[in-house]
Amino acid sequence: MKYQYKNEFRHNLVEWFNNEKRDLPWRHTSDPYKIWVSEVMLQQTRVDTVIPYYNRFLDKYPTIQDLAYAPEEELLKMWEGLGYYSRARNLQAGVKEVVEKYNSVVPDNRHDISSLKGVGPYTAGAILSIAYQKAEHAVDGNVMRVLSRVLLIEEDIALPKTRKVFEEAVEMLIDEKHPGDFNQALMDLGAMICTPTSPKCLLCPVRDYCIAFNEGIADQLPIKSKKTKTKKVQFKVYLAADQKGRYLLEKRPSEGLLANMWQFPMIEINENSMSDETFKHNYNVEIKEYIEEQLLKFKHVFSHLTWEMDCVYVLVEPKNDLPGDALFLTIEEIKTLPMPVSMLKILNVLN
DNA sequence: AAGCCGGGGGG
DNA sequence: CCCCCAGGCTT
């Protein structure tokens, strides 16, 4: 596979980047640890969302050792609202491994860095190219979109095997002298010019070298097959206060959706089960009084799932020991726990 | 290869 | 309503 204009393409792209690049917090450092943090936060997450999290996170954990030994609950609280919470746990596991097995020095080769928890092909290439100036590919959604247009690649980017096509394309095109700038230039171009819909081709620094633009089909690329099917689940959520005005909270299981995050008790609504009976049975409590039959009702949307939440406010009295993962807490205590956004919406009503 | 894993912004 | 976002892990 050859591309006769690659030298000009490369030059124009990096030149554009030097003039137009966004001023982002992680572009003020070359610390591999900080680049690593930014790349993990940016997985499936927009730049504007990440910026405040990134600043707060590195203020709390300025060095790799600070993060390696942070309490998980505190770590999750710092990640609260970002989503994909396993990223935080995997990041800490990877960081801890670097501290203990690599003398706190982030590996500078693809083999070793890829062995770290949470570091996949993209993140490995991003850290290696940006922090260490290694000529490594870093193929993300932006890069696939840009190069599918420039090189008229019509493979389905939803298929895992397609990534290899783009990795080879980057290896062909990459600026060996400025690999970090080259990779980031592709991402900035994808974010600012070569956007998913309505690409601003007239402002594009490499449109002369873009096959799709010259054929007038840039807006038809990339090809992506996957479609999302979203399920609905109904829950009755119990804001259950005891005599002292504390609320019943529980910690979610250590695996699966929203692992280890805290929530108000919620019972899935089935056709053939009574939610209140299940609630009383599961938590060993008696419902003394219904304060609010419908305190709050809302939908919370995930990627593949929608929770339909029906929240009630009840006064309860413990009849026996609570389950091991549940306890009564004051509002102030609740606010220190990591909770998913769905639960923060409910917590806000209590104030 | 396909499913799971959050949340938000934009068309 | 839809899609997509500086993806990775598990099965």
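All values reported here derive from a predicted model rather than from experimental measurement. Order of the sequence lines fixes the chain letters, A, B, ..., with proteins taken first and strands second; residue numbering starts at 1 for each chain.
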Next on the checklist: I want to check one thing: is the phosphate of C:dC9, taken as OP1 and OP2, less than 4.0 Å away from some side-chain N or O of A:Tyr84?
Outcome noted: no

Checklist entry - What distance, rounded to whole Å, do you find between the two P atoms, one in C:dA6 and one in B:dG11? => result 14 Å

Checklist entry - Base, sugar-phosphate alone, or nothing: which one does A:Gly256 contact when heavy atoms must sit under 4.0 Å apart? => result sugar-phosphate

Item to check | Which residues share a side chain to side chain donor-acceptor pair (under 3.5 Å) with A:Gln133, sequence neighbours left out | outcome: none

Next on the checklist: Using a heavy-atom cut-off of 4.0 Å across all strands, would you classify A:Trp26 as base, sugar-phosphate, or nothing?
Outcome noted: base

Next on the checklist: Just to be sure I understand the rule, does A:Leu305 reach a base, reach only the sugar-phosphate, or reach nothing, if contact means heavy atoms closer than 4.0 Å?
Outcome noted: nothing

Next on the checklist: Rounding to an integer number of angstrom, what distance separates B:dG3 and C:dC3 when you compare their P atoms?
Outcome noted: 15 Å

Checklist entry - Which part of the nucleic acid does A:Phe302 contact within heavy-atom distance under 4.0 Å: base, sugar-phosphate only, or nothing? => result sugar-phosphate

Checklist entry - If you look at every strand shown and take non-hydrogen atoms under 4.0 Å, does A:Arg252 touch a base, only sugar-phosphate, or nothing? => result nothing

Checklist entry - Does a donor on one side chain sit under 3.5 Å from an acceptor on the other, for A:Asn90 and A:Arg87? => result no

Next on the checklist: Using Watson-Crick or G-U wobble geometry with both distances under 3.5 Å, which nucleotide pairs with B:dG6?
Outcome noted: none

Checklist entry - For A:Val47, which contact category applies under a 4.0 Å heavy-atom criterion: base, sugar-phosphate, or nothing? => result base

Within the sub-3.5 Å range, which N or O atoms of nucleotides 8-11 of chain B have a protein N or O partner, and how far apart are they?
residue : atom : partner : partner atom : Å
B:dG8   : N2   : A:Arg46 : NH1          : 2.3

Checklist entry - Roughly how far apart, to the nearest Å, are B:dA1 and C:dC5 at atom C1'? => result 22 Å

Item to check | No-H, no-angle donor-acceptor pair, A:Thr123 side chain to C:dG7 base, under 3.5 Å | outcome: no

Checklist entry - From B:dG7, C:dC4, C:dG8, pick the nucleotide closest to the side chain of A:Gln43? => result C:dG8

Checklist entry - So, A:Gln65 and A:Thr63: side-chain donor and acceptor under 3.5 Å apart, yes or no? => result yes

Item to check | Interatomic distance at P, C:dT11 relative to B:dG6, whole Å | outcome: 15 Å

Next on the checklist: By the 4.0 Å heavy-atom rule, please label A:Arg22 as base, sugar-phosphate, or nothing.
Outcome noted: base

